[in-house]
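Take a look at the structure below.
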Amino acid sequence: MASSASLLSLALCSLLLFQVCSAQFETGRVWGSSRSQRKSQQQNECQFRRINAQEPDRRITSEAGITEIWDENDDQFRCAGVAAIRHTIEQRGLLLPAYSNAPKLIYVDQGRGYHSAAIPGCPETYQSEQESESRDPRQGSRDQHQKIRKIRQGDIIAIPAGVADWFYNDGQSPLVLVQIMDTSNFANQLDQNFRKFFLAGNPQREIQGQRGQPSRHLNIFQAFDEQFLAEAFNIDTDLARRIKNENDNRGIIVRVEEQLEFLSPEFSEEERRQSSQGGGRTGRWSANGIEETFCTAKLRHNINDPSRADIFNPRAGRLTTVNSFNLPILRYIQLSAQKGFLYRNAIMTPHWNMNAHSINYITRGSGQIQIVNENGESVFDGQVQEGQIITAPQNFAVIKRAGSDGLEWISFKTNDNAKINQIAGRASTIRAIPQDVLANAFAISREEAQRIKFNRREIGIFSPETRSRGRRD
């Protein structure tokens, strides 16, 4: 009898567990379906009929810098599901700690400084000597915090959604940061507006991705009751009132009167440690636990280093890619980047982006870009220059030619392992097609088809050499 009762109880528990699991599965499936429908609806509303090279349309001045924002309602940003911001931080300027509703990829266009991301749940591994020697927090001056990273021109920095970070310029020149926030990313469960949640300062409405007249928007502490804040931090109410920054008019980039003090190893030591911890790994990232995945994750990679170029042509330039193979955190935030350098009058092979939109920020020089849609119509054919952004939608054919001063750009890609399909040159689609197929497709002779296939011997980026009719590979 007891055995039968036990079996009955076990059966009921199993049935209950099955029902709960089924309900959770259905909930997850419906939730995922609704999210997919939302993105599908957004894509159906988007028509890339005409694309323009854009400069920022909003400018916010702070005490120690400038923030510029591109129009998020422009079709190329709205349809790609991204927002673009550029911060220019003056010497001893501090970009206040904030987090956003979407993951972001940041390119250091100019200058040097420090950056830190406060990864939730991770320990404060940087400790002062006094702290390590004494367990009494009231004894002496001490500090402890999470890792501080030295940054420089050419660094790509990846920040997941909801992670607070800050920047500080300790150099002699402005620190310029260009960032793309992927508001269509799975991590964003809000609407398609990008949102910055500041831990300090008094940001304005423009920083929140909402159009309208300037008005005061407050940091997240402003609306909390002072008594609640005092109890939460175990401080007095006067200090709780002061962290609200109610009368702070410095903006979101503030000037540090004296040199900012924090714990940081020497730059060379930090670089050696990153290298020994696997900074040079080329294999796929394997998520083996929260400690390895987040707390010790590498967040930056320098894309300007010529020795890291994936394609190099001494007569034309180079291309360098940062993706989830060499910066594994990108697999989590589903973004990647490519840096292009074209010498004078050089060409990047006509190509299309197979699995991502490509948001191109021109960092130096000028040139011409042409973009063609699925109907063979030009959606952009014009000059681009430093400081502009132009988006190449997924699968649209693109070609770039540098001007007399060369052309440099950084491409933010909406896939952690973005791929391109080259149309001309070695390793291209045209090379992969048989000669007779090309001859019949284009209604040309076999000799002409052979020239189309083999006259361009380079891969990826082409030198501005004189056209030739008789060359063979």
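To the nearest 0.5 angstrom, Ile89 atom CD1 is 4.5 Å from Leu175 atom CG. Rounding to the nearest 0.5 angstrom, the gap separating the NZ atom in Lys150 from the CG atom in Asp170 is 3.5 Å. Within the model, atoms CZ of Phe325 and CG of Asn417 stand 4.5 Å from one another, a figure rounded to the nearest 0.5 Å. Note: Arg241 CZ to Glu246 CD = 8.0 Å, rounded to the nearest 0.5 Å. Atom CD in Gln172 sits 4.5 Å away from atom CD in Gln91 (nearest 0.5 Å). Taking CD1 from Ile119 and CG from Leu299, the interatomic distance works out to 5.5 Å, rounded to the nearest 0.5 Å.
One N or O on the side chain of Asn169 and one on the backbone of Ser173 form a donor-acceptor pair closer than 3.5 Å. The backbone N or O of Ser411 lies less than 3.5 Å from no partner atom in the side chain of Asn360, so there is not a single donor-acceptor pair. With Thr183 contributing its side chain and Phe194 its backbone, the two residues share no donor-acceptor pair below 3.5 Å. A donor-acceptor distance shorter than 3.5 angstrom exists from the side chain of Asn188 to the backbone of Asp191, with no hydrogens or angles considered.
A cation-pi geometry, defined here as NZ or CZ lying under 6.0 Å from the six-membered ring centre and within 45° of its normal, holds between Arg318 and Phe341.
Listed by chain and number, the residues in a salt bridge (Lys or Arg N to Asp or Glu O under 4.0 Å) with Lys400 amount to none (sequence neighbours excluded). Partners of Asn355 according to the side-chain contact (heavy atoms from CB on, under 4.5 Å) rule, which considers only residues two or more places apart in sequence or in another chain, are Asn415, Ala418, Lys419. Arg50 is linked by a salt bridge (Lys or Arg N to Asp or Glu O under 4.0 Å) to nothing, counting only residues two or more places apart in sequence or in another chain. Evaluation of the side-chain contact (heavy atoms from CB on, under 4.5 Å) rule for Asn234 yields no partner, not counting sequence neighbours. Applying the side-chain contact (heavy atoms from CB on, under 4.5 Å) rule to Gln227 yields the partners Asp225, Glu231, Thr237; only residues at least two apart in sequence or on another chain are considered. For Asp155, the salt bridge (Lys or Arg N to Asp or Glu O under 4.0 Å) criterion is met by Arg300, not counting sequence neighbours. Ile362 meets the side-chain contact (heavy atoms from CB on, under 4.5 Å) test with Val384, Leu407, Trp409; sequence neighbours excluded. Scored by the salt bridge (Lys or Arg N to Asp or Glu O under 4.0 Å) test, Arg92 finds no partners at all (sequence neighbours excluded). Residues passing the side chain to side chain donor-acceptor pair (under 3.5 Å) test with Asp236, sequence neighbours excluded: none.
For the residue pair Ser184 and Asp182, a side-chain donor N or O sits within less than 3.5 Å of a side-chain acceptor on the partner. Asn302 and Gln153 form no side-chain donor-acceptor contact under 3.5 Å, judged by distance and modelled atom types alone. Counted by atom type alone, Gln394 and Asn353 present zero donor-acceptor pairs between their side chains at under 3.5 Å. In summary, the side chains of Ser336 and Asn323 do not present any donor paired with an acceptor at a separation below 3.5 Å, with no hydrogens or angles considered.
Applying the ring pair (Phe, Tyr, Trp, His ring centres under 6.0 Å) test to pairs two or more places apart or on separate chains, those with a residue in residues 382-403 are Phe48-Phe396. Sorted by first then second residue, the salt bridge (charged side-chain N to carboxylate O under 4.0 Å, His left out) pairs that include residues 96-108, not counting sequence neighbours, are Lys104-Asp165. Residue pairs meeting the side chain to side chain donor-acceptor pair (under 3.5 Å) criterion with at least one partner in residues 342-352, sequence neighbours excluded, do not occur; the list is empty.
Between Arg401 and Ile347 the shortest heavy-atom distance is NH2-CD1, 3.4 Å. The two atoms that bring Arg58 and Trp70 nearest to each other are NH2-O, 3.6 Å, heavy atoms only. Closest of all the heavy-atom pairs between Ala80 and Thr391 is CB-CG2, 4.4 Å.
Salt bridge Asp109/Arg364: present, at least one basic N to carboxylate O contact under 4.0 Å.
Ring centroids of Tyr99 and Phe197 are separated by less than 6.0 Å, placing the two rings close together.
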### Message
Is there a salt bridge (Lys or Arg N to Asp or Glu O under 4.0 Å) between Arg255 and Glu63? Walk through the geometry before answering.
### Response
CA-CA 6 Å; Arg255 191 177 309 281; Glu63 178 187 48; 5.5 Å; no

### Worked verdict on Gln368 versus Asp381 for side chain to side chain donor-acceptor pair (under 3.5 Å)
CA-CA 7 Å; Gln368 184 178 6; Asp381 182 2; 2.8 Å; yes

### Message
Using the rule given for side chain to side chain donor-acceptor pair (under 3.5 Å), can you reason through Asp71 versus Gln54, listing the C-alpha separation, both sets of side-chain angles and the distance that settles it, and then say yes or no?
### Response
CA-CA 9 Å; Asp71 181 9; Gln54 296 284 356; over 6 Å; no

